[in-house]
Amino acid sequence: MKTTDFSKDLNKLREDNEKVTYDGMQVALILKELDFILVSLHKIGSYYAEDISTKREQYEKETTQFMDNSLVNPRLAKIRTILTQKFNLQEGEDELDDIERICEQIPYWHKPGDYCDEIWAEPNFDCE
């Protein structure tokens, strides 16, 4: 079996990872989780929007409390687990699987002031 070196193209997937199929209910529940998080964060922002300059500390505290008390990190981790389980995670010649390779260059937060405004998901990718 020929092994392809994907390390030169960070956005290249193995052929068997180019199309993955999920159960409709799994996707619906993932969307429900994402909607809960996104709409709630939007509502928090809207609640404090008028007086954000005077209530910045309250806004930040409420956002942090929402994320902690509503288990946002475990929810996102579960979503990642569900989405990842359909991928072939065999390592390539670079000793990385497709997900590790694609995520390798993410500019993760390390210290205050580290932010990223790059959006990787294309809004009009082919869904068929």
Side-chain angles (χ1 to χ4, degrees):
M1 179 172 127
K2 181 183 176 210
T3 307
T4 306
D5 181 5
F6 293 107
S7 61
K8 294 180 178 128
D9 186 354
L10 296 177
N11 293 315
K12 176 71 174 150
L13 296 175
R14 305 178 161 284
E15 188 174 334
D16 57 341
N17 284 338
E18 289 180 4
K19 293 230 186 241
V20 290
T21 304
Y22 296 91
D23 175 83
M25 184 52 77
Q26 279 183 317
V27 173
L29 292 174
I30 286 170
L31 291 170
K32 182 177 181 179
E33 294 285 358
L34 292 173
D35 200 56
F36 166 70
I37 294 167
L38 291 171
V39 171
S40 295
L41 289 172
H42 175 74
K43 287 179 178 279
I44 292 169
S46 295
Y47 183 87
Y48 291 99
E50 259 185 54
D51 301 318
I52 194 68
S53 59
T54 59
K55 296 184 178 182
R56 182 77 182 181
E57 188 174 319
Q58 290 173 316
Y59 162 75
E60 292 171 355
K61 181 179 178 183
E62 186 62 35
T63 301
T64 300
Q65 287 179 337
F66 167 76
M67 292 179 70
D68 290 345
N69 296 336
S70 297
L71 308 172
V72 170
N73 286 346
R75 288 173 191 263
L76 293 172
K78 182 65 175 176
I79 289 169
R80 186 182 194 280
T81 297
I82 292 168
L83 294 176
T84 303
Q85 72 186 2
K86 298 290 185 164
F87 281 82
N88 174 345
L89 298 178
Q90 180 181 356
E91 292 180 351
E93 291 177 16
D94 58 359
E95 298 182 2
L96 299 175
D97 65 44
D98 283 357
I99 304 301
E100 291 171 329
R101 189 174 305 104
I102 286 174
C103 294
E104 186 177 34
Q105 300 298 318
I106 292 176
Y108 294 107
W109 186 95
H110 292 281
K111 63 186 180 327
D114 287 353
Y115 305 103
C116 177
D117 60 2
E118 183 177 359
I119 299 173
W120 298 287
E122 294 293 325
N124 51 3
F125 62 89
D126 184 14
C127 294
E128 295 184 44

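Positions are given from 1 along the sequence.
- With rounding to the nearest 0.5 angstrom, the CD atom of Glu62 is 10.5 Å from the OG atom of Ser40.
- Between Val27 and Ile82, every side-chain heavy-atom pair lies at or beyond the 4.5 Å cut-off.
- Around atom NZ of Lys61, no more than 12 heavy atoms belonging to other residues, nucleotides or ligands sit under 6.0 Å away.
- A donor-acceptor distance shorter than 3.5 angstrom exists from the side chain of Arg14 to the backbone of Gln90, with no hydrogens or angles considered.
- To the nearest 0.5 Å, atoms CZ (Arg80) and OG1 (Thr84) are separated by 4.5 Å.
- Under a hydrophobic clustering in which Ile, Leu, Val, Met, Phe, Trp and Tyr are joined whenever their side-chain heavy atoms come within less than 4.5 Å, directly or via other members, Ile99 and Leu76 fall into the same cluster.
- To the nearest 0.5 Å, the span separating OG1 on Thr63 from CD1 on Ile44 amounts to 4.5 Å.
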### Steps toward side-chain contact (heavy atoms from CB on, under 4.5 Å) verdict (Asp94, Arg101)
CA-CA 9 Å; Asp94 58 359; Arg101 189 174 305 104; 2.7 Å; yes

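- In Ile119, the CD1 atom is not crowded: 12 or fewer heavy atoms of neighbouring residues, nucleotides or ligands sit closer than 6.0 Å.
- Distance CD/Glu50 to OH/Tyr48: 13.5 Å, rounded to 0.5 Å.
- Hydrophobic clustering of Ile, Leu, Val, Met, Phe, Trp and Tyr side chains at less than 4.5 Å, counting indirect connections, unites Leu31 with Ile37.
- Remark: the backbone N or O of Leu34 is not paired with any side-chain donor or acceptor of Arg75 at under 3.5 angstrom.
- Put simply, the side chain of Ile52 reaches to within 4.5 Å of the side chain of Tyr59, judged on heavy atoms.
- The side-chain heavy atoms of Leu89 and Asp98, taken from C-beta on, include no pair separated by under 4.5 Å.
- No salt bridge links Lys32 with Asp35; every basic N to acidic carboxylate O contact stays at or beyond 4.0 Å.
- A heavy-atom distance below 4.5 Å is found between the side chains of Glu104 and Leu96.
- With a 4.5 Å cut-off on side-chain heavy atoms, Trp120 and Cys103 do not count as touching.
- Evaluated for a side-chain contact (heavy atoms from CB on, under 4.5 Å) with Leu29, the options Glu33, Gln26, Met25 yield exactly one hit, Met25.
- The distance from atom NZ of Lys86 to atom CG of Asp16, rounded to the nearest 0.5 Å, is 13.5 Å.
- Using cut-offs of 30° and 60° on the angle between ring planes, the pair Phe66 and Phe36 is tilted.
- Atom CD of Glu18 has more than 12 heavy atoms from other residues, nucleotides or ligands within 6.0 Å.
- A distance-only check finds a donor-acceptor pair linking the side chain of Thr54 to the backbone of Asp51 [under 3.5 Å].
- The side-chain heavy atoms of Leu83 and Tyr22, taken from C-beta on, include a pair separated by under 4.5 Å.
- In this structure, the side chain of Glu60 does not engage the main chain of Glu57 through any donor-acceptor pair within 3.5 Å.
- Between the side chains of Asn88 and Asn17, no donor-acceptor pair is found at a separation under 3.5 Å.
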